[in-house]
Amino acid sequence: NVTCSVDGDLTGSVYSDGSTLLVDGVAGSLLAEAVKGTATLDRILVKSEADNYAFAAGRFERFYDDNGGATISVLFNRGTIDSPAAVQAGDATGQIIFGGWDGNDISSNASIKASVDPDGTVADEQLPGLLEFVTNNSSGAPITRASIDSAGTFRTFGIHAGVTSAPTGMPFYSIGA
């Protein structure tokens with residue numbers, strides 16, 4: 001581990017295979033390039049004081065001659081790195097949290113949460129999913145507003161609980177599996 005204060009650019013080799021890490025303190029960017037390798041980190045925290053929202057964003061690019069796109073993977077495993085164990089029904093597997101400064105600290109106001117469907121069965125190559133869309137109410141309490149379970153059932157909660165069409169009358173259609 002290296003801790004230091006740098007004014008400007010800091011570049012260094014992370015792997016002996018030529019992979020690099022570039023931290024640009026002037027432009028406020030972080031560039032990591034791995035040469036067919038993998039880095040294991042506990043946490044990546046990037047802060048920016050950019051005056052343009054485009055500079056306070058993440059970007060992932062993939063270059064390869066096929067039709068696959070870039071992927072962001074949010075994964076959870078029970079156990080340890082050396083001895084992973086299967087997740088269980090009801091386990092949260094990942095979450096994207098949105099929020100901002102409330103005048104005192106950072107508070108969340110919405111999230112998208114993925115879990116193992118509590119009504120499903122975890123088995124080899126079988127991981128039933130549940131996706132929940134959460135927003136905070138006016139008191140700041142997080143409330144699930146909609147969900148999609150492993151059976152493909154879309155549910156809404158709140159004022160329009162159980163309604164199968166949007167309040168504007170736009171119907172939700174299901175295309176058979």
Side-chain angles (χ1 to χ4, degrees), residues 1-2 8-48 50 52-99 108 110-135 144-155 166 170-177:
N1 293 336
V2 176
D9 293 346
L10 170 68
T11 185
S13 180
V14 176
Y15 298 107
S16 60
D17 65 4
S19 299
T20 60
L21 174 68
L22 170 68
V23 179
D24 185 338
V26 175
S29 63
L30 171 72
L31 170 69
E33 292 181 333
V35 180
K36 292 188 180 181
T38 316
T40 302
L41 304 170
D42 291 331
R43 177 179 170 182
I44 298 174
L45 175 62
V46 178
K47 293 184 178 184
S48 171
N52 182 326
Y53 73 91
F55 293 112
R59 183 169 100 185
F60 299 87
E61 294 183 16
R62 178 179 183 261
F63 300 89
Y64 196 74
D65 192 20
D66 67 7
N67 64 354
T71 301
I72 298 173
S73 296
V74 179
L75 308 169
F76 170 73
N77 305 295
R78 286 181 175 258
T80 65
I81 291 173
D82 294 330
S83 182
V87 294
Q88 298 175 10
D91 281 357
T93 54
Q95 188 170 6
I96 301 171
I97 300 172
F98 305 90
S108 65
S111 66
I112 301 171
K113 179 181 175 184
S115 301
V116 179
D117 192 332
D119 296 327
T121 302
V122 175
D124 189 30
E125 300 292 323
Q126 180 180 323
L127 196 59
L130 173 66
L131 196 59
E132 297 173 285
F133 299 88
V134 179
T135 61
T144 300
R145 303 298 184 170
S147 68
I148 305 169
D149 66 18
S150 61
T153 304
F154 178 84
R155 291 185 173 88
M170 182 179 77
F172 290 101
Y173 291 100
S174 175
I175 299 173

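Nothing here was measured: the structure is a model prediction, and the numbers come from that model. Positions are given from 1 along the sequence.
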Notebook entry, point to check: Would you call I112 and L131 a side-chain contact if the rule is heavy atoms closer than 4.5 Å?
Noted result: yes
Note to self: What's the separation between atom CG in L130 and atom NZ in K113, rounded to the nearest 0.5 Å?
What the structure shows: 8.5 Å
Note to self: Under a 3.5 Å distance rule, please check whether T93 uses its side chain to pair with a backbone N or O of A114 as donor and acceptor.
What the structure shows: yes
Distance-only criterion, 3.5 Å: show the donor-acceptor pairs between side-chain atoms of residues 77-88 and protein atoms not counting sequence neighbours.
from: R78; atom 1: NE; to: D91; atom 2: OD2; distance (Å): 2.7
from: R78; atom 1: NH2; to: D91; atom 2: OD1; distance (Å): 2.8
from: R78; atom 1: NH2; to: D91; atom 2: OD2; distance (Å): 3.3
from: T80; atom 1: OG1; to: D82; atom 2: N; distance (Å): 3.4
from: T80; atom 1: OG1; to: S83; atom 2: N; distance (Å): 2.9

Notebook entry, point to check: Got a sec, which residues hit side-chain hydrogen bond (donor to acceptor under 3.5 Å, both in side chains) with S147, two or more places apart in sequence or on another chain?
Noted result: none
Margin query: Atom CG of residue position D66 - does it have more than 12 heavy atoms of other residues, nucleotides or ligands inside 6.0 Å?
Written below: yes
Notebook entry, point to check: Would you call R155 and I148 a side-chain contact if the rule is heavy atoms closer than 4.5 Å?
Noted result: no
Enumerate donor-acceptor pairs with a distance under 3.5 Å from any side-chain N or O in residues 115-125 to protein atoms, sequence neighbours excluded.
from: D117; atom 1: OD1; to: D119; atom 2: N; distance (Å): 2.9
from: D117; atom 1: OD2; to: S150; atom 2: N; distance (Å): 3.0
from: D117; atom 1: OD2; to: S150; atom 2: OG; distance (Å): 2.7

